[in-house]
**Student:** 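Dumping the structure here so I can ask a few things about it.
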There are 2 protein chains.
Amino acid sequence: MSVRREAILEVLTSGPGHLSAQEIHRAAQERLPRIGIATVYRALKFLCACGKAAEFIPADGVARYEPAGSRAHHDHLICNSCGSFIEAVEPEIEKLQIRLAARHGFKPSSHKLEIYGICSRCSGK
Amino acid sequence: MSVRREAILEVLTSGPGHLSAQEIHRAAQERLPRIGIATVYRALKFLCACGKAAEFIPADGVARYEPAGSRAHHDHLICNSCGSFIEAVEPEIEKLQIRLAARHGFKPSSHKLEIYGICSRCSGK
DNA sequence: TGGCATATGATAACGATTATCATTATCCCA
DNA sequence: TGGGATAATGATAATCGTTATCATATGCCA
């Protein structure tokens with residue numbers, strides 16, 4: 001783990017989560033002003049490969065990153081109004097996914113559940 | 001509905017489904033050799049807007065399109081080996097998603113469930 | 001200290017998608 | 001039916017996120 005990769009992991013764990021590569025780059029530049037965007041992408045790929053970070057790609061097609069490893073799997077509630085991401089877990093859904101996959105002779109390795117809608121903050125306004 | 005948009009909808013309904021814009025472009029060119037890629041993108045956006053097609057974006061970030069309207073919602077099992085898409089439904093999951101959203105004060109409007117793994121054809125080999 | 005593998009930054013390249021703009025087809029009403 | 005407004009189209013440039021390239025810098029071990 002180089003200094004930059006440590007810094008990028010630190011950005012992931014200390015930040016609000018669900019950051020894009022560009023946002024991570026900007027945040028990292030506050031500590032390491034000369035860090036390049038390519039290094040950020042390389043670091044993110046590295047961190048995902050060794051299980052310290054996780055990538056997911058929502059409906060806008062832009063990859064987001066979050067710290068992983070010590071964190072449990074979770075799904076995302078994504079607000080169409082303010083763009084915020086809420087993490088949520090429903091263990092029953094996890095079980096049903098396995099059953100659904102099995103019914104089709106499919107061996108699941110990972111899954112992604114995203115629910116789009118309006119968050120409580122936006123609907124309250 | 002112009003001639004090209006009809007043709008593109010026809011490609012969607014007659015094809016194997018889950019096609020990318022480029023694949024749709026190639027298929028449409030068999031009937032309309034002079035059709036441009038921009039027209040394909042415009043037609044797809046139009047068809048999605050009027051509910052005749054649906055777009056979804058899997059983990060590779062490349063949008064896929066399928067006919068919609070008369071078709072029920074379904075989730076996707078995506079094979080990491082051969083890239084095939086299997087459509088599947090689990091009504092219980094649909095209900096649980098609503099419950100999960102409600103628990104967070106979230107008003108769901110749509111959702112996306114993708115399960116990645118190995119399909120029966122690939123694991124059988 | 002020397003040497004080699006790895007990491008880095010700048011930047012070019014790439015692929016998907018969108019915007020632009022001139023041209024063409026389509027529609028609608030007189 | 002004609003003609004003009006409107007929408008659709010095709011070619012292509014632009015954009016954006018991401019990856020590849022390559023020369024340089026850094027770290028590490030002998």
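Just the heavy atoms: all of them, side chains too, but no hydrogens, waters or symmetry mates, feed the values below.
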**Student:** Please report, rounded to the nearest Å, how far the P atom of D:dT18 is from the CG atom of A:Asp60.
**Tutor:**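 Distance check: A:Asp60 CG to D:dT18 P gives 9 Å.
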**Student:** Calculate the interatomic distance between A:Arg64 atom CZ and D:dG17 atom C1'; express it in whole Å.
**Tutor:**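 To the nearest whole Å, that distance equals 11 Å.
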**Student:** Under 6.0 Å from the ring centre and within 45 degrees of the ring axis: does the NZ or CZ of B:Arg64 meet both conditions for the six-membered ring of B:Phe85?
**Tutor:**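 No, cation not above the ring by the 6.0 Å, 45° rule.
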**Student:** If I take atom CZ in residue A:Phe56 and atom P in nucleotide D:dT18, what distance separates them, rounded to the nearest angstrom?
**Tutor:**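 Rounding to the nearest Å, CZ of A:Phe56 and P of D:dT18 are 12 Å apart.
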**Student:** What is the distance from CD1 of A:Ile57 to P of C:dG15, rounded to the nearest Å?
**Tutor:**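 So the two atoms are 17 Å apart, to the nearest Å.
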**Student:** Atom CZ of B:Arg31 to atom P of D:dT9: distance rounded to whole Å?
**Tutor:**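 The distance from CZ of B:Arg31 to P of D:dT9 comes to 15 Å, rounded to the nearest Å.
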**Student:** Look at all strands and tell whether A:Arg42 reaches a base, only sugar-phosphate, or nothing, counting heavy atoms closer than 4.0 Å.
**Tutor:**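 Since a base atom lies under 4.0 Å of A:Arg42, the category is base.
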**Student:** Can you check the A:Ile24 CD1 to D:dG17 P distance for me, whole Å?
**Tutor:**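 Answer to the nearest Å: 13 Å.
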**Student:** Closest-nucleotide mapping onto DNA chain C: is A:Ile37 or B:Gln22 further toward the 5' terminus? I mean the 5' end.
**Tutor:**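 Residue closer to the 5' terminus by nearest nucleotide: A:Ile37.
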**Student:** Round to a whole Å and report the spacing from CG of A:Leu32 to P of C:dA10.
**Tutor:**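 These atoms are roughly 13 Å apart.
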**Student:** Between the side chains of A:His73 and A:Glu87, is a donor N or O closer than 3.5 angstrom to an acceptor N or O?
**Tutor:**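 Not at all, the side chains of A:His73 and A:Glu87 share no donor-acceptor pair under 3.5 Å.
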**Student:** Below the 4.0 Å mark, does D:dT9 have OP1 or OP2 next to a side-chain nitrogen or oxygen of B:Arg34?
**Tutor:**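 Indeed not, no polar side-chain atom of B:Arg34 lies that close.
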**Student:** Write down the distance between CE (B:Met1) and P (C:dC27), rounded to a whole number of angstrom.
**Tutor:**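 The distance from CE of B:Met1 to P of C:dC27 comes to 13 Å, rounded to the nearest Å.
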**Student:** Side-chain heavy atoms under 4.5 angstrom apart, residues restricted to Ile, Leu, Val, Met, Phe, Trp, Tyr: same cluster for B:Ile86 and A:Leu100?
**Tutor:**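 Linked, B:Ile86 and A:Leu100 end up in one cluster.
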**Student:** The side chain of A:Arg4 is closest to which nucleotide in this list: D:dA11, D:dA20, C:dT8?
**Tutor:**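 Selected nucleotide: C:dT8.
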**Student:** Can you tell me how far apart CD (A:Glu114) and NE2 (B:His111) are? Round to the nearest 0.5 Å.
**Tutor:**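 Going from the CD atom of A:Glu114 to the NE2 atom of B:His111 covers 11.0 Å.
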**Student:** Can you work out whether A:Arg5 or B:Ser20 has the more 5'-proximal nearest nucleotide on DNA chain C?
**Tutor:**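 Nearest-nucleotide comparison on DNA chain C picks A:Arg5.
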**Student:** Please determine, by modelled atom types, if B:His76 and B:Glu66 share a side-chain donor-acceptor pair under 3.5 angstrom.
**Tutor:**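 Yes.
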**Student:** Looking only at the side chain of A:Ala38 (C-beta and beyond, no hydrogens), which of the listed nucleotides C:dA19, D:dT18, D:dA20 gets closest?
**Tutor:**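 When the side chain of A:Ala38 is considered, D:dA20 is the closest of C:dA19, D:dT18, D:dA20.
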**Student:** Under 4.0 Å, heavy atoms only, any strand: does B:Ala43 hit a base, just the sugar-phosphate, or nothing?
**Tutor:**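 B:Ala43: no heavy atom of the nucleic acid under 4.0 Å.
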**Student:** Quick check on D:dT19: is either OP1 or OP2 less than 4.0 Å from any side-chain nitrogen or oxygen of A:Tyr41?
**Tutor:**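 No, because none of the side-chain N or O atoms of A:Tyr41 sits under 4.0 Å from OP1 or OP2 of D:dT19.
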**Student:** Side-chain N or O of A:Ser2 less than 4.0 angstrom from OP1 or OP2 on C:dT8?
**Tutor:**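 Looking at the OP1 and OP2 atoms of C:dT8, one of them is under 4.0 Å from a side-chain N or O of A:Ser2.
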